[in-house]
Structures are given as C-alpha cells and as structure tokens.
Amino acid sequence: MDNPFIFAIITGVLSGVLYDFFRLFRLIFNRHFFLDMLYWVIIGFAAFLYLLAFNNGEIRMIYLLTIFFGAVTYIFTFSRISLTFQRRIAKIIKIRLKKVKNKLKSFKKVLQSHLNIYYNKSNLKSRVVKKRFGEKENDYRN
C-alpha cells in the first residue's frame with residue numbers, strides 16, 4: 001500500500017466535502033440535529049474503514065489527527081469559497097420549494113372543494129329542518 005498519511009488527508013478532505021454537502025441541506029431545510037448526527041455516523045464509519053484498511057483496525061491517534069487535519073484544511077480553504085455559492089443555491093431552492101408548496105395548497109383546495117359543497121348543502125338542510133321545528137340555529141353549533 002501507499003503512504004497511509006496521504007490517504008488519511010484524502011479521507012479528511014472527503015469528510016470536509018461531505019460536510020459541505022450536508023451544510024447545503026441544513027441551509028435549505030433547517031434540520032440541524034438529524035443531519036449532524038447522520039454526518040458523524042458516516043464520518044465515524046469512514047474513519048473505522050480507514051483504520052481497518054491501513055492499520056489493521058488498530059486505533060492510532062496520528063492517523064485520526066491526520067484525518068482531522070485534512071478536514072480542517074479543506075474547511076478553511078475551499079469550504080469558505082463554496083459557502084457563498086451554497087447560500088445562493090439554498091436561497092433559489094427555498095424560493096422554488098415555497099412556490100411548489102403554494103401550488104400544492106391550491107391543488108389541495110381544489111380537491112377538497114367538492115367536500116365543502118357537500119358540507120354546505122348538508123348544513124343548509126339542517127338549518128331548514130331547525131327552522132321548521134322552531135329551534136334556534138345556534139343551539140347545535142360548536
């Protein structure tokens with residue numbers, strides 16, 4: 001195998017890329033806890049696989065520090081550049097999702113309109129029956 005330190009740095013950089021990917025979803029959906037937990041489970045599994053492949057599963061702090069160094073290097077260099085693009089993309093996606101949500105609400109109203117017509121007809125019939133027997137309309141309302 002090649003130098004394990006280079007692969008540790010690559011693993012760290014890939015964990016930084018994965019952090020940027022999750023950050024985009026965090027900017028869009030505001031679900032921090034779930035995405036953070038998912039990120040750390042994936043990173044823990046990746047670090048375990050790295051240690052298993054290059055060190056026969058033995059945990060050595062130098063390899064974990066090298067992975068951490070690779071992630072920090074990525075975050076302080078390329079991640080700052082990509083953050084502005086991620087914010088723009090998140091803003092565009094939020095606007096699109098809001099439009100889709102509004103269209104789905106109006107579609108829901110169209111689907112429920114026949115129920116409103118049925119409700120209004122049945123409500124009208126109950127008013128007529130109440131008036132025949134001399135009851136007040138407000139007696140049975142919630």
Side-chain angles (χ1 to χ4, degrees), residues 1-131 133 135-142:
M1 298 242 168
D2 290 331
N3 192 356
F5 289 107
I6 294 172
F7 285 106
I9 291 173
I10 291 172
T11 304
V13 168
L14 290 177
S15 68
V17 170
L18 186 66
Y19 180 77
D20 271 349
F21 180 72
F22 278 110
R23 181 170 42 190
L24 179 65
F25 284 105
R26 284 174 45 189
L27 288 172
I28 296 170
F29 298 114
N30 293 329
R31 302 282 183 237
H32 295 276
F33 180 75
F34 174 72
L35 292 173
D36 287 344
M37 291 302 293
L38 184 62
Y39 171 78
W40 283 111
V41 166
I42 291 171
I43 294 304
F45 187 68
F48 171 73
L49 287 179
Y50 170 79
L51 290 173
L52 193 64
F54 288 102
N55 206 19
N56 295 328
E58 294 178 18
I59 299 174
R60 297 217 177 153
M61 203 59 166
I62 189 71
Y63 293 122
L64 294 177
L65 288 175
T66 309
I67 292 172
F68 178 74
F69 175 73
V72 168
T73 303
Y74 174 81
I75 287 173
F76 284 124
T77 55
F78 297 111
S79 183
R80 290 185 181 215
I81 297 168
S82 69
L83 182 60
T84 58
F85 296 116
Q86 286 179 349
R87 286 184 178 151
R88 289 179 190 167
I89 291 170
K91 188 175 182 180
I92 291 169
I93 291 174
K94 278 185 178 181
I95 292 170
R96 301 280 169 117
L97 286 176
K98 189 178 278 190
K99 288 180 181 178
V100 169
K101 184 178 176 183
N102 290 337
K103 286 185 180 185
L104 287 176
K105 281 184 180 180
S106 64
F107 184 67
K108 181 182 173 186
K109 286 180 182 179
V110 168
L111 289 177
Q112 290 178 340
S113 65
H114 74 283
L115 295 175
N116 289 338
I117 293 170
Y118 176 73
Y119 174 76
N120 290 336
K121 284 183 180 179
S122 65
N123 196 11
L124 183 65
K125 287 180 185 178
S126 67
R127 286 182 187 172
V128 170
V129 170
K130 287 178 187 176
K131 284 186 179 181
F133 293 110
E135 297 176 2
K136 294 182 181 177
E137 288 186 36
N138 297 331
D139 287 345
Y140 297 104
R141 290 191 180 180
N142 291 333

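Worth saying up front: this structure is predicted, and the values here are computed from it rather than measured.
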Enquirer: Against Y63, only a single residue in F48, F69, F5, F54 fulfils ring-ring contact (aromatic ring centres under 6.0 Å, His included); can you say which?
Expert: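 Only match with Y63 under ring-ring contact (aromatic ring centres under 6.0 Å, His included): F5.
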Enquirer: After noting the C-alpha distance and the side-chain angles of R26 and Y19, does the key distance pass the side-chain contact (heavy atoms from CB on, under 4.5 Å) rule?
Expert: CA-CA 10 Å; R26 284 174 45 189; Y19 180 77; 3.7 Å; yes
Enquirer: Quick one: list whatever passes side chain to side chain contact (heavy atoms under 4.5 Å, CB included) with F76, sequence neighbours left out.
Expert: V72, R80
Enquirer: As an exercise, state the distance from CG of L38 to CD1 of I43, rounded to the nearest 0.5 Å.
Expert: 10.0 Å
Enquirer: Show the numbers, then the answer: is there a side-chain contact (heavy atoms from CB on, under 4.5 Å) between Y50 and I10?
Expert: CA-CA 11 Å; Y50 170 79; I10 291 172; over 6 Å; no
Enquirer: Would you compute the distance between atom NZ of K94 and atom NZ of K101 and round it to the nearest 0.5 angstrom?
Expert: 12.0 Å
Enquirer: Are the side chain of Y39 and the backbone of S15 linked by a donor-acceptor contact shorter than 3.5 Å?
Expert: yes
Enquirer: On a heavy-atom basis, which atom in N3 and which in F7 lie closest, and how many Å separate them?
Expert: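 Closest heavy-atom pair between N3 and F7: O-CD1, 3.4 Å.
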Enquirer: How long is the span from the CG atom in L14 to the CD1 atom in I9, to the nearest 0.5 Å?
Expert: 12.0 Å
Enquirer: Please report the shortest heavy-atom distance between G70 and V13, naming the atom on each side.
Expert: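 So the two residues come closest at O-CG2, 3.7 Å.
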Enquirer: Let me confirm one number: the NZ-CD1 distance from K98 to I93, rounded to the nearest 0.5 Å.
Expert: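 Answer for the NZ-CD1 pair, K98 versus I93, is 14.5 Å.
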Enquirer: With rounding to the nearest 0.5 Å, note down the distance linking CG in N102 to NZ in K99.
Expert: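 Going from the CG atom of N102 to the NZ atom of K99 covers 10.0 Å.
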Enquirer: Tell me, with the steps shown, if F22 and I42 meet side-chain contact (heavy atoms from CB on, under 4.5 Å).
Expert: CA-CA 11 Å; F22 278 110; I42 291 171; 4.0 Å; yes
Enquirer: Under the side-chain contact (heavy atoms from CB on, under 4.5 Å) criterion, do I59 and L51 qualify, and how do the steps go?
Expert: CA-CA 7 Å; I59 299 174; L51 290 173; 4.1 Å; yes
Enquirer: Got a second to check how far R60's CZ is from N55's CG, nearest 0.5 Å?
Expert: 5.0 Å
Enquirer: If you compare all heavy atoms of D20 against all heavy atoms of S82, which two are closest, and at what distance to 0.1 Å?
Expert: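 Minimum heavy-atom separation between D20 and S82: OD2-OG, 3.1 Å.
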